[in-house]
Structures are given as C-alpha cells and as structure tokens.
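Heads up, the thing below is written out as structure tokens.
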Amino acid sequence: MNTSAQEETVQTITTHYIDGALVKSHGREAMNVIRPTDGKVIGRVALGDEEDTRLAIAAAKRAFASFGRTTKEERSRYLRQLHTAVSARIDDLTAVMIEEYGGVTRFARLLVESGVNAFAAADKALQELPLRESWGKTTVTLEPVGVAGLITAWNANALFICLKLASAIAAGCTVVLKPSEFSSLQTRVMVEALNAAELPKGVFNVVTGLGTVVGAELVRNPDVAKISFTGSVAVGEAIMRDAAATMKRVTLELGGKSPTILLDDAALDKAIPTALTLAFLNSGQACAAGTRLLVPKSRLDEVKRAIRDEMRAFTVGNPADPNIMVGPMVSQKQYERVESYIRKGIEEGAEVLVGGEGHPKGLEAGYFVKPTVFVNVKNDMTIAQEEIFGPVLCVIAYDAEEEAIRIANDSKYGLHSAVLGSDIVRARRVAFQLRAGRVVINNMTDDPQAPWGGFKYSGVGREYGKYGIEAFLEPKAILE
Ligand code: NAD
C-alpha cells in the first residue's frame, strides 16, 4: 500500500495576524502540532519572535490613538460585529478544538458558545457601566488603559480569546494576543472569524509563539500598559514580578483546587452526578474543576456506592463521539503529570475507588488516562493540595459542617467551589463562608455578568461583566 496515501494532511501556519493582515513570521523556529488522541503530527506552526511581537505592539499602539477615543456606541457596534462573525464559525471552532486539544464534543461546543456569548455579554455590561459621572464640580471618566497583552492557556482557547478581547474592546483598548502554543490551529480559525468582523486595522493582533519569547516581550515592553493572563501560578508569579518594571496593570487567572461540599441532607441521586460533572469538567483540565469532594462521614459508604455506579456514565474515549465524557490529556507531558499524581496518591496512602494508573484498555495510542476517584484522602496529601489538571477526584471525609468549611478553605487556592444540599438556607450559609471567587449551589451554573477570578494563589483581579471591563479602564477625575 502506498504510504503517502496513508499520510494525513499536515496544516502549516507561517504567519501572524498583525495590523489587519496575515504577516510572514520573522521567527525562525517552528513546532509540531500533535493530535492527543493518537500522538500524530497534524500541523506545523511558526513560532513568533520578539520582532514579530514588537511589530504587533506597534500596530496596536497606532490603532489605540483613535480606538481609545471611540464612544460607547461605536464599541457596542464592534462587539456586535464580533458576535456575528464568531457565531458563524461555531461548528468549525468546535471541530478544531476536538481535533487539536481533544475536548469532548458536548463540552467543546459549550465552551465555544460561551466564547461567542462573551461579546454579547460585554456589550450588555458596557451599556450598564457609566463611563462618565459628575457630582458638584467633579467629573470622573473611565478611560482605556492602553495597549493590552492577552496571554492564554490551552484548555479553553476560544473562550479565553473571546472573553479577554470582548472586555478589552468594550473598554476601548487595543490588543496583542498571545494564545497558548498548544492552540495554534484553533487560533487560526479564530483569527479568520475575528477578521471577518472588520474591526479597524491594528485593534487586535495575534502572535503565536512561546511564552518565554512572545509572552515575555509583551510583559517587558513599555508600550504595553496591561497584561491579562490565564495560566499557571508559576508563570503568573513571573508575570507579576516582571510587569512591575514597567508598572503594568495585571489580571491573573490562575489555578484551583476547588472543593465541593456535600452536606448531609443532600439527595445523592442529583448531588453525585453534579459532583462528578464538576470534577471531570473538560476532562479534568479545568481551573474550576471540583477536585476535592467533602463528604460527611455518616454518609461515606452510601456516597462511595453512588460514585461507583455513576462513574459508569463517565466514559473515556474518542472526544469526537458525542457520548464520550472524558477525552485525552492535551499532551504527553500532561499525561505524565496526571499519572505521576495518581502514583503519588497511592504512595501517600489514598485508596483508588475507581480508575488508577495507566491507559484505559484499548486507548494506549493517545494521551488518555483513567478517570480516577481516590477515597481515604486527607486534605494535607499532595493530591489534595496541588492542582493536578486532570480527571482525578479526591474524596475527603468530615464530621461536622464547620470542619467541612475549614477543610474547603485549607488550600492555597480559592477560585471556585460548590455546595450541595437540600436545605437552601443552610447551603447559602455555608457558601458565604467559603474563600473563593465563585461558589455555585447545587449545580454547575454560570452567569456571564458575575465576576470570575480567584482569592489567594488563584489570581489577581476579575473577568466577566462590568468587573472584566473595569480591569481595562483607568478612572480619571477632573475637578473644577
Ligand atoms: P502556562 O502558565 O504554562 O501557560 C499559559 C500561557 O502563558 C501560555 O500562552 C504560555 O505560552 C504563556 N507563558 C509561559 N511562560 C511565559 C512567560 N515567561 N511570560 C509570559 N507568558 C508565558 O499554563 P497552561 O499549562 O497553558 O494552562 C494550565 C494552567 O492554567 C492551570 O494552572 C490552570 O488552572 C490555569 N487556568 C486558569 C484559568 C482561570 O480562569 N483561572 C482558566 C484556565 C486555566
């Protein structure tokens, strides 16, 4: 058989999007795009360098001279144009997220749709946000901070790009976007979609490349006034430190180790599917994943049985199959990271209730891990303290409600959390005591006008709604 006929097309990307056009990369390096379901090379992308980044920053700076003075109505129109243009590509964006990242169909589509919705949500928030207020002889205006560098992670590429861009545009900022180097094919489809919105040249620019090269130049460059970053704590710390040299504003959306408190009056037929959905969200590669399930000792045996039964629904396999709930990890490195934590959990004395080490049977070719539930976990174990970023759930037993709250808050992170229980007044009382940027009660739900972001090591600042737009604005007072 002819081997070339067996080979798949390898998509090659050699350009960045700068000043309204695709521009040949100045960077000499390139990297392969590897499909996580089988480890095959499906693309090759040029990695931008400092020169590419500086060209993009210069374009954004030129565009800011007029874009920074646009009215609310003009920005609202651009947001509507973006919404229409990206909406038209929902199917393509979903398909490429499944292929390049391995996101499962049902979740990939939801993420893309929430990205599209971010433009409409930012438009609504902008309408309700007074950009000018006066009292007595004082006038306060909210002015765009300047050129913004947007740096994103790989686990929800379309959502992060749309969300950050929507807030920046609503505020009147121009941007240079550096998406994760593991999302290059997805970014290319997004660039086509955004380009169709026909925004003025230079308002948004996209440079694909490494964080240590393109990202670092954005953080260092004095013409960038603001960095909005989604990624790991380690890189977030470096950005905060390095951004200080040019006094940049920073928004940092970092990691999590989110607790789900199951109260003793919870109805398990609803609570367990919700708890597992929270844990295995986006194949566990979600900052908000509820990876610590806190269970009253009095109901532990019942809960274990319910988890074992319900885990049959959390099928792992080809993410393009709409019935699959858990797809592969994004890369070999991420696969090894998750496996090392599963090993560590066993070594530290936690008990595997479901899953365990190694590939699931029949899925040896890709970066698939077994969705794993540990019981007998103590909150000071490594698997309960560190972010794994994979489908690994720790079940931790507690005696009284106060102990559950104490364990939930005993974490360096504070991004997301959940409370599951039948008595809503009690569930609310518990929710108010949790140190996290968001708490959901009895469901994994969302509100695009509600702030998103973390306490403690989960980050600095907020995204979504008026909170997200304010992060790109400077208040100015004029006193007569
Ligand atoms: P990462 O920190 O490795 O990379 C994130 C981005 O930063 C990438 O674009 C990368 O190229 C860039 N980068 C790397 N080094 C840089 C540097 N020195 N200067 C500037 N930019 C640099 O994170 P990741 O592996 O892509 O994503 C996983 C992490 O993201 C997890 O910790 C997860 O919890 C977090 N995350 C947080 C949220 C949230 O909303 N809080 C959402 C999704 C993911």
Side-chain angles (χ1 to χ4, degrees), residues 31 45 47-48 50 53 101 103 107 111 114-115 118 149-164 167 176-184 186-187 206-221 224 227-243 245 248 250-258 281-291 329-331 333-335 337-338 341 386-390 411-417 436-438 446 450-464 467-468 471:
M31 73 177 259
V45 286
L47 297 171
E50 289 84 353
T53 316
Y101 161 67
F107 196 70
L111 274 179
S114 35
L150 314 180
I151 304 176
T152 64
W154 41 259
N155 63 319
N157 185 64
L159 172 59
F160 299 146
I161 291 179
C162 294
L163 182 60
K164 289 185 192 298
S167 298
V176 178
L177 174 80
K178 197 224 78 75
S180 170
E181 51 274 39
F182 300 106
S183 309
S184 302
Q186 296 166 79
T187 300
V206 183
V207 181
T208 315
L210 299 178
T212 46
V213 179
V214 179
E217 177 60 29
L218 285 174
V219 174
R220 195 166 44 224
N221 196 296
V224 176
I227 295 287
S228 177
F229 170 79
T230 297
S232 63
V233 169
V235 174
E237 283 176 358
I239 288 178
M240 198 165 177
R241 196 175 48 239
D242 298 347
K248 286 185 176 51
V250 291
T251 297
L252 305 174
E253 296 290 349
L254 311 177
K257 192 74 199 177
S258 301
L281 211 62
N282 205 4
S283 309
Q285 298 177 125
C287 51
T291 49
M329 301 297 90
V330 71
S331 62
K333 187 171 160 218
Q334 190 65 15
Y335 169 83
R337 175 188 167 90
V338 176
Y341 275 109
E386 294 184 9
E387 183 186 51
I388 299 174
F389 223 55
S411 168
K412 71 188 257 191
Y413 294 108
L415 184 63
H416 200 269
S417 50
R438 256 197 199 192
D446 190 24
W452 175 274
F455 283 36
K456 303 187 263 182
Y457 277 78
S458 288
V460 174
R462 295 292 181 271
E463 295 195 286
Y464 280 100
Y467 309 90

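Scope of the values below: all heavy atoms of this structure, side chains included, with no hydrogens, waters or symmetry mates. Order of listing sets the numbers, starting from 1, for every ligand and every atom in it. Here the structure is a predicted model, which means the values were calculated and not measured.
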Considering the heavy atoms of [X], write down every atom of ligand 1 situated less than 4.0 Å from one of them.
X	result
W452	39 (C), 40 (O)
S180	9 (O)
G215	19 (N), 20 (C), 21 (N)
A216	19 (N), 20 (C)
L415	41 (N)
N155	43 (C), 44 (C)

Legend entry - Cation-pi, Y457 ring and K412 (6.0 angstrom, 45 degrees): yes
Legend entry - Test item: side-chain donor near acceptor, S228 and K164, under 3.5 Å: yes
Legend entry - Residue pair Q186 / Y101, side-chain donor-acceptor N/O under 3.5 Å: no
Which residue and non-hydrogen atom of the protein lie closest to [atom], and at what distance in Å?
atom	result
atom 18 (N) of ligand 1	G211 O, 4.1 Å
atom 27 (O) of ligand 1	A153 CB, 3.3 Å
atom 24 (P) of ligand 1	W154 NE1, 3.4 Å
atom 42 (C) of ligand 1	C287 SG, 2.9 Å
atom 6 (C) of ligand 1	T152 O, 3.4 Å

Looking only at distances, can you tell me whether any N or O atom of [X], backbone or side chain, sits closer than 3.5 Å to an N or O atom of ligand 1?
X	value
V233	no
S458	no
T230	no
L254	yes
F160	no

Legend entry - Mutual orientation of the aromatic rings belonging to F389 and W154 [parallel < 30°, tilted 30-60°, perpendicular > 60°]: perpendicular
Inset, instruction - Evaluate the 4.0 Å heavy atom contact test for atom 4 (O) of ligand 1: does a protein atom fall under the cut-off? - result: no
Using a 4.0 Å heavy-atom cut-off, say whether [X] meets ligand 1 through its side chain, its backbone, both or neither.
X	value
I151	side chain
A238	neither
E463	neither

Inset, instruction - Measure the shortest side-chain to side-chain distance between P179 and V206 over non-hydrogen atoms and say whether it is less than 4.5 angstrom. - result: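 Side-chain contact under 4.5 Å: yes.
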Inset, instruction - Please determine which of V176, T53, L218 meets the side chain to side chain contact (heavy atoms under 4.5 Å, CB included) test together with V224. - result: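 Answer after filtering V176, T53, L218: L218.
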Legend entry - R438 (side chain) donor-acceptor with A450 (main chain) under 3.5 angstrom: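 Answer holds: yes.
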Inset, instruction - Show your working on side-chain hydrogen bond (donor to acceptor under 3.5 Å, both in side chains) between E387 and Y413 and close with a plain yes or no. - result: CA-CA 9 Å; E387 183 186 51; Y413 294 108; 4.7 Å; no
Inset, instruction - Give a yes or no on whether M31 atom CE has more than 12 heavy-atom contacts from other residues, nucleotides or ligands under 6.0 Å away. - result: yes
Legend entry - Min heavy-atom dist G454 to ligand 1 below 4.0 Å: no
